[in-house]
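Comments concern the structure below.
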Amino acid sequence: MTSRETEPARHRRIARRPFLKAAGAAMVVASVGGVGSAQAADRRGAAADESADALIIGAGYAGVTVARELSARGMKPLVLEARKRTGGRIWTDTFSGEQVEIGGGWVGEQQALVQRELTRYGITTSPDIGPERMLLPGDSGLESMTPEEAVGALGPLWAEFYRGSESYFERPYEPLHRRDLLVDVDGLSLADRLRQLSLSPREFHRLNSETSLYSGGPSSIGALTGMSQWFQLAGGNYESFLSMNQKPAGGMISLLRAMLAEARAEVRLQSAVTRITESNGAVTVEVSSGKRYTAPLVVVATPTNVWQDIVFQPGLPPAHATAARQGIGVPHSNKLWLHVRGRTEALFAQTPEGSPISMMLPQQQLADGRLMVAFAGPSLDTSDPLAVQEAVRQFLPGSSLIRYRTMDWGRDRYARGGWGLRRPGQLLNLFPRIEEPHGRILFAGADIARGWHGAYIEGAIESGLRAASQAVALVG
Ligand SMILES: Cc1cc2nc3c(=O)[nH]c(=O)nc-3n(C[C@H](O)[C@H](O)[C@H](O)COP(=O)(O)OP(=O)(O)OC[C@H]3O[C@@H](n4cnc5c(N)ncnc54)[C@H](O)[C@@H]3O)c2cc1C
């Protein structure tokens, strides 16, 4: 079980509402599979059960972008989605009666594609709740300060951390433009970069709280060029990076639903693809029920980390095989929703690498308590209500939790990781080959985006647009 809701006081689970309400578009239907896997093997040589103009695997932002673009060009794509819902790593749901985001939660004004899509469907955004007080690592424990003091302390540190990225990402939307300069930095992890700087222990911890959070574990996981590209895309300063805190009306899923409604593409839920075979100028796709589909092309719009679960025939080319093996989605991404009893100030907290909770952000105050979002580090057992309660008391001494909900994306079988953050060396080793089609098998997804890669739906849309153009070029 990767997503759970708990009431510490009574230690009991709350039954969650069915997933299907999140499905959205009218044409979303459940799969009608039913053929066992042994039978499936027998049928492998047989003709496919259904055909489409294009098959799209995954109904996240990347896959839905492809579906809409191909539909707009008169094609009839079919989307195969493993889950019982659309959205993938975007999951707008409820907690304590409030609409919440279990996966990605914010967009930014700097993200041109998202802004264009929001405008297209008339979806407004509003800024998230700002903190009244901040806790940052200090010389002994956490230090309390105003938000202005915190930005004043962190801004120069991040400027130093990212120094040079304005040159090696001179054009952040064309990350390979200064390949000559990247050669010296792309192999560096975030931890390597921290070691390069002459930081006091306090400064070191103020930075590594975020580098470890974004790495989904130790700061040695994420590439310096991964985060520094985001920094340059955001505008090259800490305050503009922080400003990416907009929430779309109706939640992060509202835009995806609008795109899907326009696409009028059929989505088959509970259709986990297990095999993709290209032969004789066509692609055949098999799902876990044994059902088979054929089309002139397929777009694989799943997280990179699950490519290893699909049998590709012919096998993946070297860049794709490397990405599948190394992963791009971060290994540990456990997002918690907390309902803290009583009236609580809007507190933002950040802790040194290795802490049970890496970051906590304030959300709305309700009649009986405040909601908060937290990101758990690998050391916190989020299935243990007492451990979670204890971790929250690190920031809010004496507080008590009414309930909490946790989603461990690293253990989710259709994500196998959280947001994407390239590993050291991956920019130069994988790009641009990872963007290229493999015969009639095309690839999309935020993890392999060129601009806002990994941790942003902007990247999913960007890569979906690219894959759709490749698909159109392929079928002429
Ligand atoms: C905790 C968390 C916080 C985040 N915060 C933000 C944020 O604030 N802002 C932001 O913009 N982004 C954020 N992100 C990142 C964002 O969610 C992703 O970048 C984006 O949603 C990825 O879209 P995608 O379409 O590439 O992949 P996904 O959304 O992962 O979609 C891929 C789809 O493929 C399906 N699939 C997988 N395997 C198979 C299979 N074998 N057969 C069929 N279907 C399959 C999956 O079920 C899924 O629906 C966050 C992510 C996480 C996990």
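Since we're looking at a predicted model, the values are computed, not measured. All ligand and atom numbering here is 1-based and tracks the order in the structure. All heavy atoms count here, side chains included; hydrogens, waters and symmetry mates do not. For reference, positions follow the sequence shown, starting with 1.
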Below 3.5 angstrom, do we get any N/O pair linking I57 and ligand 1?
-> no

Could you name the option among [options] that has the heavy atom nearest to [atom]?
atom	options	result
atom 36 (N) of ligand 1	V79, V64, T302	T302
atom 3 (C) of ligand 1	W419, Y414, Y456	W419
atom 31 (O) of ligand 1	G60, G104, G58, S271	G60
atom 46 (C) of ligand 1	E81, Q246, H453	E81
atom 42 (N) of ligand 1	V66, V273, T65	V273
atom 29 (O) of ligand 1	R89, R83, E458	R89

Ligand 1-proximal atoms of [X], by part, heavy-atom distance under 4.0 Å:
X	answer
A301	backbone
I457	both
L80	backbone
A446	both

Would a distance-only check, ignoring hydrogens and angles, find a side-chain to backbone donor-acceptor pair under 3.5 Å from E69 to S469?
-> no

N305 side chain to R416 main-chain N or O, any donor-acceptor pair under 3.5 Å?
-> yes

Within a distance under 4.0 Å of any heavy atom of [X], pick out the atoms of ligand 1 and give their elements.
X	value
G454	15 (C), 18 (C), 19 (O)
W106	7 (C), 8 (O), 9 (N), 10 (C), 11 (O)
G105	5 (N), 6 (C), 7 (C), 8 (O)
G445	26 (O)
A62	25 (O), 26 (O)
V306	37 (C), 38 (N)
S333	1 (C), 53 (C)
A272	42 (N)

Output field: ring centroids Y404/H339 closer than 6.0 Å | no

Considering only NZ, NE, NH1 and NH2 on the basic side and carboxylate oxygens on the acidic side, decide whether R466 and E436 come within less than 4.0 Å.
-> no

Looking at R268 and E266, does any basic side-chain N land under 4.0 Å from a carboxylate oxygen?
-> yes

Assess R422 against W230: is NZ or CZ under 6.0 Å from the centre of the six-membered ring, and within 45 degrees of the ring's axis?
-> no

Y162 and W158 aromatic ring geometry - parallel, tilted or perpendicular at 30°/60° bounds | parallel

Report the relative orientation of the aromatic rings in F375 and W419; use parallel for angles under 30°, tilted for 30 to 60°, perpendicular for over 60°.
-> perpendicular

Would you indicate whether Q364, at its atom CD, is surrounded by more than 12 heavy atoms from other residues, nucleotides or ligands within a distance under 6.0 Å?
-> yes

Counterpart residues, side-chain contact (heavy atoms from CB on, under 4.5 Å), relative to A446 (two or more places apart) | A460

Test side-chain contact (heavy atoms from CB on, under 4.5 Å) applied to R116 - qualifying residues, sequence neighbours left out | L113, L465

